[in-house]
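Reading through the structure tokens given below for one structure.
A, B, ... follow the sequence lines: proteins, then strands. Residue 1 opens every chain.
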Amino acid sequence: MKAAVIVFPGSNCDRDVAVALEASMGAKPHMVWHRDTELPAVDLVVVPGGFSYGDYLRCGAMAAHSPVMREVKARAAKGMRVLGICNGFQILTEAGLLPGVLMRNRDLKFICRDVHLRVENDRTDFCRLYRTGDVVRFPIAHAEGNYSVDPRTLRDMEDNGQIAFRYCGPDGGVDAAANPNGALGNIAGITNERHTVLGLMPHPERLADEGLGGSDGRLMFDSLVEALS
Amino acid sequence: MSTQITPETVAAHGITPDEYKLILDIMGREPNITELGIFSVMWSEHCSYKSSKKWLKTLPTEAPWVICGPGENAGVIDIGDGQAVIFKMESHNHPSFIEPYQGAATGVGGILRDVFTMGARPIANMNALRFGEPKHPKTRHLVAGVVAGIGGYGNCVGVPTVGGETNFHPSYNGNILVNAMTVGLADKDRIFYSAAAGVGNPVVYVGSKTGRDGIHGATMASAEFDEKSEEKRPTVQVGDPFTEKLLIEACLELMATDVIVAIQDMGAAGLTSSSFEMASKGGLGVDLDLDLVPMREQGMSAYEIMLSESQERMLMILKPGKEDVARAIFEKWELDFAIIGRLTDTGRMVLKRHGAVVADLPIDPLAQASPEYDRPWVTPEKRPVVDSASIADHDPIDALKTLIACPDLASKRWIWEQYDHMVLCDTAQRPGGDAAVVRVHGTKKAIAITTDVTPRYCLADPYEGGRQAVAEAYRNLSAVGALPLAVTDNLNFGNPQKPEIMGQIVEAIRGMGQACRELDFPVVSGNVSLYNETQGTAILPTPTIGGVGLLADVGTMATLAFKAAGHSIVLLGETKGWLGASLYLREVCGREDGAPPPVMLHRERRAGELVRRLIGDGQVAACHDVSDGGVLVAVAEMAIASDRLIGATLDAPHTVALTAWCFGEDQGRYVLEVGDDDLAMVLEAAAEHDVAARVIGRTGGPAIGVGGQAVAVEELKARNEGWLPAFMGGEIAQH
């Protein structure tokens, strides 16, 4: 698998995800500056977390119109895999690669903590090494992760297996108590219709190393390597 | 500008009549308003340390591993393998009280710049916060604003905020403390300093544009508060963490080339102090054309440009002919870049605006004549030692339930969950432990960081309190297994013109110095914040210590959480049951009297060496230092931190009264969790190090028990974690 990580002004998880990718791929990903208009030949593009353009205007709104995103959209249309984490998820919704929006957290505060997620669909390239129903632990770190989408699209997404992860309790129960930010249906991550683009608020790269207290996130990168090599 | 210099103008600039006479001598004429403004900020307490300098000089600042001590933007220590750690702590107290979000945010921004200015990538932020009593009507507003500000800035720049401490006390009702610390990592042979060199070299301004914000911030930080202080809100700067993030990346990218001669951030007193200090350290002069300074607003005067404290700006001296290399990098990051002047050999600062010279000052005489006061001081009166036997016994379990939920001991999760404490993916020990631990990226080494001081001890006896602050930092680093290397200090006190306050400063520094010397724990950087008074009432003396230590192998790191049932609990250090100035006395008995517990530095050192050896050898399952609240609180915290809420049953000795044994704050102690296989070796090692060691109980069960009573760990945890969210949610009555 060959991968690239897009770097916007204000990205701050670009190195973190590059480290996690390298651990799974055995090679360094390309780091692509946002003003570049060409993407190297890669199987996967990661749009990392951070505060692209300072989150000014609206999270992800400016980055979605960066020169490199035109190319990301064009390649995504041809089936290239795209992974957006946290601010990357916000950018992908703003760019129209994923449905819905990410609003201010219910409690209006930034939240950084580990959360439990239930894997909702293991039949994607991102999650093939998990099993549907698995409970995994990833950290969140965001102020705008409150996912929302219109009811009709939501129904279509659910019918089509586009819900990738939901916030849950340690035992897998999906309920209000396990919802950290008010997201509709406890949704933490979604894919596009073809399951080639995944966006999620939690950070798999932050628990992909036992030295940091857990490695549930590692399987997502291993899944991609297995699927795309 | 033709503003007349009147005695009122001079006084409004915080300059005394004697200081003004000195200015007339140095200038040989009356200064104009721009020049007077420059004198006022350069000679402000904040920039000149005029009241504290004499005493700061007594602190130990050297050790074989110290690369750069106080006097630069931050301190630098060697961590081996060609790597260095650069760190400093700085206060932003007054602005944070006036405008908590921006005050705290720009405090974080400023300390970050002090560190990356020297060539380091910031790898961790810490903070030490003091607020007024919870029932004070402003406290919630201030806590909410300060925490959001620290998070808002640190989260956006992508530097993890990994820990700190937060206390509440009525003495901070009108004057909160926000002390922010940054730790950075650099290559030892690529450290950047601020001394200008090379006549003719370009003086380059980079970063944000200059506006009218923050004019006279340094002077504000050097005066007492009164009821009109909130009118000073316009002097609080506004932060832009996005620009700071770009500035970090641009500066580090430029530093990887070889074009910088010297670099300094524009912090307090902005362009004035940065240009002045760089020229002064290099023994040179500087000509600046202020028309070339990137400006955000129109019609700014020379006075405003020089005194603005707009954030996210840096000043650099470049090698000749390298301007284009630097310009390209800053343009890539979409930051302003302007050559605003040249170094000269005149020894003078000459400023032009609209083609005319608007200020012409001699640099060395101004810097050297910077006032230094030997202010009168009185030794604080010693408080009597409290006889533990005279204190009424309370049921220890009831007292534990009170203490574990009191504002100072209650979990600060509500605060640190608003900070991104994991970005950069090297946080090996998250907030809530004795010290935060961050890995040195790509190595097995790790840096441990702690911030400590016990202000109630410092009030009771500033000398002992100064010693204790250093000893506690040493202990917290040792408790995770790190070798303590050096400290940064942030000295927060009241008005130094009052002899009793000056006495607190002198005695606290004397105590700190002694502890730093005996523990080989030198001071490499620091900041002084005086005049922390509102309407004549001073804060508790608060000399915050930021300690940094090194773990050679992060795999050996200890944490405080109990790991398993059936292990022995070992108490290291001697317990006499010292209740004077204790949290028990304050929170349970409603008394704040008594002498604080004495610190025995030789014992502190031996216990620290022992603990580090045991942790390094993998002989302890958990380790926690004993501080506020004593042994019973320490054990309860270990239980609360454990994933499975493992309890413990303690067996108190009969030689000390039960209450005093449970809650006494005798110094130099640690609680260890030790498996049966290791117990004999641990006790033997303690004997070898001449450290008292005693098995005080065993882990297991769902409760903490002592003296025949018990309380479920789950209940303690709920109380411990419940207070702050309930308080911030308005569920706790304020009056």
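Shown here is E714(B), whose CD atom has no more than 12 heavy atoms of other residues, nucleotides or ligands within 6.0 Å. In the displayed structure, R644(B) atom CZ is contacted under 6.0 Å by at most 12 heavy atoms of other residues, nucleotides or ligands. Surrounding CG of D643(B) are at most 12 heavy atoms belonging to other residues, nucleotides or ligands under 6.0 Å away.
Proximity to chain A (any heavy atom under 4.5 Å) is restricted, for L246(B), to the side chain, taken from C-beta onward. With a threshold of 4.5 angstrom between heavy atoms, V157(B) approaches chain A through N, CA, C or O but not through any side-chain atom. Neither the backbone nor the side chain of R413(B) comes within contact range of chain A; no heavy atoms are under 4.5 Å apart.
Note that the CG atom of D107(A) and the CD atom of E417(B) stand 11.0 Å from one another [nearest 0.5 Å]. Atoms NZ and CE, from K109(A) and M728(B) in turn, are 7.5 Å apart once rounded to the nearest 0.5 Å.
When all heavy atoms of N155(B) and F51(A) are compared, the closest pair comes out as O-CE1, 3.2 Å. The two residues L212(A) and T427(B) make their nearest non-hydrogen contact at CD2-O, 3.5 Å. Counting all heavy atoms, side chain and backbone alike, C112(A) lies closest to M422(B) at SG-CE, 3.8 Å.
Here the side chain of D420(B) pairs no donor or acceptor atom with the backbone of A141(A) at under 3.5 angstrom. At distances below 3.5 Å, at least one donor-acceptor pair connects side-chain atoms of R35(A) with backbone N or O atoms of K332(B).
A 4.5 Å side-chain heavy-atom check between D240(B) and Y56(A) finds at least one atom pair inside the cut-off. Counting heavy atoms from C-beta on, the side chains of V19(A) and H441(B) come closer than 4.5 Å. Counting heavy atoms from C-beta outward, R113(A) and W416(B) have side chains that stay 4.5 Å or more apart.
Between chain A and the options E249(B), R439(B), M557(B), the largest number of non-hydrogen pairs under 4.5 Å is found for R439(B).
Heavy-atom neighbours of chain B within the stretch residues 4-15 of chain A, taken at a separation under 4.5 angstrom, comprise P9(A), G10(A), S11(A), N12(A), C13(A), R15(A).
Electrostatic pairing of D114(A) and R430(B) counts as a salt bridge here, judged by a charged N lying under 4.0 Å from a carboxylate O.
Ring orientation note: the planes of F242(B) and Y53(A) are tilted relative to one another, at an angle of 30° to 60°.
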